[in-house]
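The structure appears below as C-alpha cells.
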Amino acid sequence: MENTEQLQKELTAEIVAASDMKALEDLRVAILGKKGRITEMMKGLGAMPAEERKEAGKTLNILKVEVEKALEARKQFLEVQELNAKLAAEKIDVTLPVRPENQGRIHPVSKIYEEVTAIFGEMGFSVAEGPDIEDQFHNFNALNMPANHPARQMQDTFYIPNPDSADKDDSFVVRTHTSPVQIRTMEKQQPPIRIIAPGRTYRSDYDATHTPMFHQVEGLVIGKDITMAHLKGCLYDFVKAFFELDEIPVRYRPSFFPFTEPSAEMDIGCLKTKTELKIGAGTDWLEILGCGMVHPNVLRAGGIDPDVYQGFAFGVGLDRLAMLKYGIPDLRTFFESDIRWLKHYGFVPLDISSMTGGLSNNGGAAR
Ligand code: DAH
C-alpha cells in the first residue's frame, strides 16, 4: 500500500489549494467518490491477507477521516470567503442622499399628528388611545348621551352588529368621535389627568369637507382646581403654537355638547377674501374646535367623584387643521392615495416636528 502519511500531506495540500467550491467538490469526488483514490484503496483491502488488512484498514480509515476534516475546513473557509465577496459586491452606500424623485413623503395628517403631539407634549400632556370599534356605552351613554338622545342622530353613526346579541343597544359602532377615550382614560386612571387622544373617527358623510373616515384629537384635563380659565389659556397657547403666530385673536361662543357644561366653540380671527384665507388677522372668524367643562355625569360614568374633581375637554378635527394650515382645499383628496398629491402636499421625512426645532418650517413642506 502507498505511504499514507505522504498521501495525506499531498491530499491536504491539494485541498488547501482549492480556490473555489467547484474545485473543492471536484477534489472531493476524486478522493472519496465512487472511483476516488481513497475509495479505490479501500476496495484493494479485500485482496490483502487478513493480518495486513486489519492494519491497513485502520490506517486507511484514519486517512479518510483526516481528509474529510480537511475538506470540511476548506469548505467553511470558502463559504465565508464567498459570503464576504458577495457582501462586498452588493454593498450599498447608505450615506448617499436619496434621489429626490425616490424620496417618500409624510402625509399631511401624520404631520399634523406630530405637530399637535409636540405642542401638547411640551405642556405635559401624554397620548392616550382607544379602539376604533367601540361599544355604545363608551361612545354615547357614558358621555351623557343615553339611548334616544337627539345628539345621537346628529352623528351619522355606522353601527356594527354584535354577534352575541340582537338588541340594537348592544351593537357596536365605529367611534364617531375621539371622546370615548376620555371615558377609557378615567376608567384606568384617577386624577390628575392630562391627556390628548389623536385618532381615527367615522361618520356617514361625504363632501369636500367631510369623509366617512376622518381624524380628531381629544383633550382631557382633570384635577381638583381646574377652571374654564385653564381651558382658555391652554387652547390659546395651542392655536398660537400650531399656527406658528405670536398673536392670534380668539373668541369663545356658547355652544352645546352633552358631555360638557358649559360648552363652547372656539373661533380664531382671520381674513377671508375670494381667493385667500389668512389666519391671525382681519375681521372674520373661523370655528376651530369644541370644548367645555366636563359634565359631572361624564366624570361619574368614568368613576371619578365630581364633588372632588372637575376638568375641561376639547375636540379638534385634525384634517380640518391640516386643510387650514397647509391650504388644502378638498378633504377627499387626503385619502385618494394619489402619489402626485402626496409629493405636492407631503413633508420631508426627517423634518421632525418639535417645539424647539420648529413645527413645520425647518425645511418645511416639500413644496
Ligand atoms: N366630540 C365632539 C364632536 O365630535 C367634539 C368635542 C366637543 C369634544 C367638545 C370635546 C368637547 O371633548 O369638549 O363633535
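Both ligands and their constituent atoms are indexed starting at 1 by order of listing. Please read all numbers here as calculations on a predicted model, not as lab measurements.
Side-chain atoms of T59 and N61 include no donor-acceptor pair closer than 3.5 Å. With hydrogens and angles left out, the side-chain atoms of R152 and N141 include a donor and acceptor closer than 3.5 Å.
Residue A313 approaches ligand 1 through these ligand atoms, each under 4.0 Å from one of its heavy atoms: 12 (O), 13 (O). Of all atoms in ligand 1, listed by their number and element, those nearer than 4.0 Å to a heavy atom of Q216 are 3 (C), 4 (O). Numbered from 1 in the order shown, with element, the atoms of ligand 1 that lie under 4.0 Å from a heavy atom of T260 read 13 (O). Counting the atoms of ligand 1 from 1 in the order shown, those under 4.0 Å from a heavy atom of G292 are 13 (O). Taking every non-hydrogen atom of S179 and a distance limit under 4.0 Å, the qualifying atoms of ligand 1 come out as 1 (N), 8 (C).
Scanning the protein for heavy atoms near atom 12 (O) of ligand 1, the closest one is E218 OE2, 2.6 Å. Shortest contact from atom 5 (C) of ligand 1 to any protein heavy atom: G315 CA, 4.1 Å. When only non-hydrogen protein atoms are considered, atom 2 (C) of ligand 1 lies nearest to F259 CZ, 3.7 Å.
Distances from atom 14 (O) of ligand 1 to the heavy atoms of Q182, H177, R203 put R203 nearest.
Note on ring orientation: taking the six-membered ring where Trp is involved, the planes of H215 and Y113 are perpendicular (angle over 60°, cut-offs 30° and 60°).
Taking the side chain as every heavy atom from C-beta outward, Y345 and R340 never approach each other to under 4.5 Å. The closest side-chain heavy-atom distance from V116 to V316 is not below 4.5 Å.
At a threshold of 4.0 Å, the pair E40-R37 does not count as salt-bridged, since none of the basic side-chain nitrogens sits closer than that to a carboxylate oxygen. Taking 4.0 Å as the cut-off between side-chain N and carboxylate O, D246 and K240 do not count as a salt-bridged pair.
Not a single heavy atom of F312 lies less than 4.0 angstrom from ligand 1.
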